[in-house]
A.B. asks: 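Got a structure for you, questions after.
Residue numbers start from 1 in every chain, and the chains themselves are labelled A, B, ... in the order their sequence lines are given, proteins ahead of strands. Here the structure is a predicted model, which means the values were calculated and not measured.
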Amino acid sequence: SQKIEQNSEALNIQEGKTATLTCNYTNYSPAYLQWYRQDPGRGPVFLLLIRENEKEKRKERLKVTFDTTLKQSLFHITASQPADSATYLCALPHGSSNTGKLIFGQGTTLQVKP
Amino acid sequence: GAGVSQSPRYKVAKRGQDVALRCDPISGHVSLFWYQQALGQGPEFLTYFQNEAQLDKSGLPSDRFFAERPEGSVSTLKIQRTQQEDSAVYLCASSLVGGAEQYFGPGTRLTVT
């Protein structure tokens, strides 16, 4: 069955450094991959979508890569700020569905210290 | 503009009670999804609507769970005879079409005692 794995351990970094989060998946060839941010007590907020034919995508201080050979996506936040502290979720479309139904990883919590 | 809203934000139910959770999606969004999120986990898919049609309910954990979207806008997730294992955050999301980014509501935290 399809499986998505994100680092379950929290990532602690110093302000100004680059945070790198990993999303690995198995038994799957997704057409795209999405990243969401979730703050405590709130619903996930969409950040970026990258398609299988795109190697890299950027939005302001965010950069996502998508390696379909390694079955991995990396999510980078450059010049990190304490306000970037949150849980980041990787999501892929369910393999047999074109409805947009998503399978989520368990999320990685990022803590940026001033 | 208004985002996705959900009510109530918090619900405490005694085991065996029925509950109804409401979702108001973004106006014009065709697709509506319900997810269940346990503490420390990512959201898990429950069911999907395209307009008023429920096209996928494969994630509903039991026949105690029922969802509807009768006019293709507001949706209600109903849980009958609640059990302790139903305690979770229930998230609603909407999108313009399938395959697009999803916009989530704040969720309803259900606690069954």
Side-chain angles (χ1 to χ4, degrees), chain A residues 1-10 21-25 30-54 57 59 62 64 73 75 86-109, chain B residues 3-10 21 23-26 29-51 53-60 67 69 88-111:
Chain A
S1 62
Q2 297 157 1
K3 202 171 180 182
I4 302 172
E5 286 187 1
Q6 295 184 253
N7 286 350
S8 56
E9 287 186 18
L21 286 70
T22 305
C23 175
N24 294 296
Y25 57 92
Y32 60 86
L33 182 149
Q34 299 184 18
W35 282 90
Y36 288 78
R37 167 183 173 142
Q38 187 171 26
D39 291 280
R42 295 177 177 266
V45 173
F46 172 80
L47 295 175
L48 281 166
L49 181 154
I50 185 167
R51 300 194 181 278
E52 61 180 339
N53 61 347
E54 298 175 311
K57 201 155 191 179
K59 179 182 175 183
L62 308 180
V64 172
S73 174
F75 177 82
T87 296
Y88 292 87
L89 298 160
C90 165
L92 295 102
H94 190 280
S96 62
S97 168
N98 62 354
T99 63
K101 164 182 170 182
L102 295 174
I103 301 175
F104 283 85
Q106 75 268 40
T108 298
T109 298
Chain B
V4 177
S5 61
Q6 292 186 245
S7 61
R9 290 294 317 277
Y10 304 92
L21 313 180
C23 171
D24 280 88
I26 293 173
H29 278 195
V30 168
S31 299
L32 186 145
F33 304 83
W34 283 97
Y35 294 88
Q36 180 189 61
Q37 187 172 27
L39 194 63
Q41 301 297 315
E44 288 196 8
F45 171 81
L46 292 176
T47 187
Y48 162 71
F49 290 86
Q50 183 175 346
N51 295 308
Q54 187 176 20
L55 299 185
D56 187 338
K57 52 183 181 179
S58 61
L60 295 177
R69 193 186 185 196
V89 174
Y90 291 86
L91 294 163
C92 173
S94 68
S95 68
L96 276 171
V97 292
E101 61 264 33
Q102 296 184 15
Y103 295 82
F104 283 81
T108 295
R109 179 176 295 279
L110 172 65
T111 303

A.B. asks: Counting only non-hydrogen atoms closer than 4.5 Å, does B/Tyr103 touch chain A with its backbone (N, CA, C, O), its side chain (CB onward), both, or neither?
C.D. replies: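 Neither; nothing under 4.5 Å.
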A.B. asks: Could you report the tightest heavy-atom contact between B/Leu91 and A/Pro44, atom names first, then the distance?
C.D. replies: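 Reported closest heavy-atom pair: CD1-CD, 3.9 Å.
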A.B. asks: Quick one: pull up CZ in A/Phe104 and CD in B/Gln41 and give me the separation to the nearest 0.5 Å.
C.D. replies: 13.0 Å
A.B. asks: Shorter than 4.5 Å, heavy atoms on both sides: which option in B/Pro43, B/Ser31, B/Ala38 has the most such pairs with chain A?
C.D. replies: B/Pro43
A.B. asks: Has the side chain of B/Gln102 got a donor or acceptor atom that lies under 3.5 Å from a matching backbone atom of A/Gly100?
C.D. replies: yes
A.B. asks: Atom CD of residue position B/Glu44 - does it have more than 12 heavy atoms of other residues, nucleotides or ligands inside 6.0 Å?
C.D. replies: no
A.B. asks: Examine whether an atom of A/Gln6 lies under 4.5 Å from a heavy atom of chain B, and if so say whether it belongs to the side chain, the backbone or both; otherwise answer neither.
C.D. replies: neither
A.B. asks: Less than 4.5 Å to any heavy atom of chain A: does that hold for the side chain of B/Gln6, its backbone, both, or neither?
C.D. replies: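 B/Gln6 has no heavy atom closer than 4.5 Å to chain A.
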A.B. asks: Would you mind checking which part of B/Thr47 comes under 4.5 Å of any heavy atom in chain A, side chain (CB onward), backbone (N, CA, C, O), both or neither?
C.D. replies: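 Neither; nothing under 4.5 Å.
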A.B. asks: Using non-hydrogen atoms and a 4.5 Å limit, figure out which bit of B/Leu55 sits close to chain A: side chain, backbone, both or neither.
C.D. replies: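 Looking at B/Leu55, nothing touches chain A.
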A.B. asks: Side chain, backbone, both or neither: which part of A/Leu102 has a heavy atom under 4.5 Å from chain B?
C.D. replies: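 A/Leu102 touches chain B through backbone and side-chain heavy atoms alike.
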A.B. asks: Test of understanding: with ring-ring contact (aromatic ring centres under 6.0 Å, His included), list the residues that count as partners of B/Phe45, not counting sequence neighbours.
C.D. replies: none
A.B. asks: For B/Arg9, which atoms come within 4.5 Å of any heavy atom of chain A: side chain, backbone, both, or neither?
C.D. replies: side chain
A.B. asks: Are more than 12 heavy atoms from other residues, nucleotides or ligands located less than 6.0 Å from atom NZ of B/Lys57?
C.D. replies: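 No, not enclosed.
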A.B. asks: List for me each residue that meets ring-ring contact (aromatic ring centres under 6.0 Å, His included) alongside B/Phe49, sequence neighbours excluded, and say none if there are none.
C.D. replies: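 Residues passing ring-ring contact (aromatic ring centres under 6.0 Å, His included) with B/Phe49: none at all.
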